[in-house]
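What you see is a predicted model; the values in this text were computed from it and never measured.
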Amino acid sequence: MSMCVASPGIVKNIKDNIAEVDYNGNIVKAHTGVVDVSPGDYVLVHAGMILQKIKQKEAEDMLSLFRELEEL
């Protein structure tokens with residue numbers, strides 16, 4: 001069994017239900033689906049689809065945890 005982990009990114013722009021999401025300078029496109037997002041929102045994306053909007057603190061905590069795991 002494998003597991004996918006969605007990493008938080010920040011929405012930069014939205015056009016026609018397609019958001020540009022910034023992951024540390026790497027911009028990817030993701031469908032907004034039914035999630036109401038705006039530029040500046042932190043989101044979790046999986047398979048090209050925004051799954052949910054998250055609070056900035058939660059995103060920062062997740063990114064910090066990922067950095068710690070990379071160091072192991």
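- Under the rule for a side chain to side chain donor-acceptor pair (under 3.5 Å), the partners of Gln56 that lie at least two apart in sequence or sit in another chain are Glu60.
- Closest non-hydrogen pair, Ile54 versus Pro8, comes out as CD1-CB, 3.7 Å.
- Here the options are Leu51, Val35, Ile50, the test is side chain to side chain contact (heavy atoms under 4.5 Å, CB included), and the partner is Val43; only Ile50 passes.
- Nearest heavy atoms, Thr32 versus Val37: CG2-CG2, 3.8 Å.
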Enumerate, atom names and distances included, each donor-acceptor pair closer than 3.5 Å involving a side-chain atom of residues 12-23, sequence neighbours excluded.
{"unit_1": "Asn13", "atom_1": "ND2", "unit_2": "Glu20", "atom_2": "OE1", "d": "3.0"}
{"unit_1": "Asp22", "atom_1": "OD1", "unit_2": "Asn24", "atom_2": "N", "d": "3.2"}
{"unit_1": "Asp22", "atom_1": "OD1", "unit_2": "Gly25", "atom_2": "N", "d": "2.6"}

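- Sorted by first then second residue, the salt bridge (Lys or Arg N to Asp or Glu O under 4.0 Å) pairs that include residues 45-55, not counting sequence neighbours, are Asp41-Lys53.
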Please evaluate residues Val45 and Ser7 with respect to the criterion side-chain contact (heavy atoms from CB on, under 4.5 Å), reporting the C-alpha separation (whole Å), side-chain torsions for both, the decisive distance (0.1 Å), and the verdict. CA-CA 7 Å; Val45 176; Ser7 178; over 6 Å; no
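- Cluster annotation: Tyr42 and Ile27 are assigned to distinct hydrophobic clusters (Ile/Leu/Val/Met/Phe/Trp/Tyr, side-chain heavy-atom contacts under 4.5 Å, transitive).
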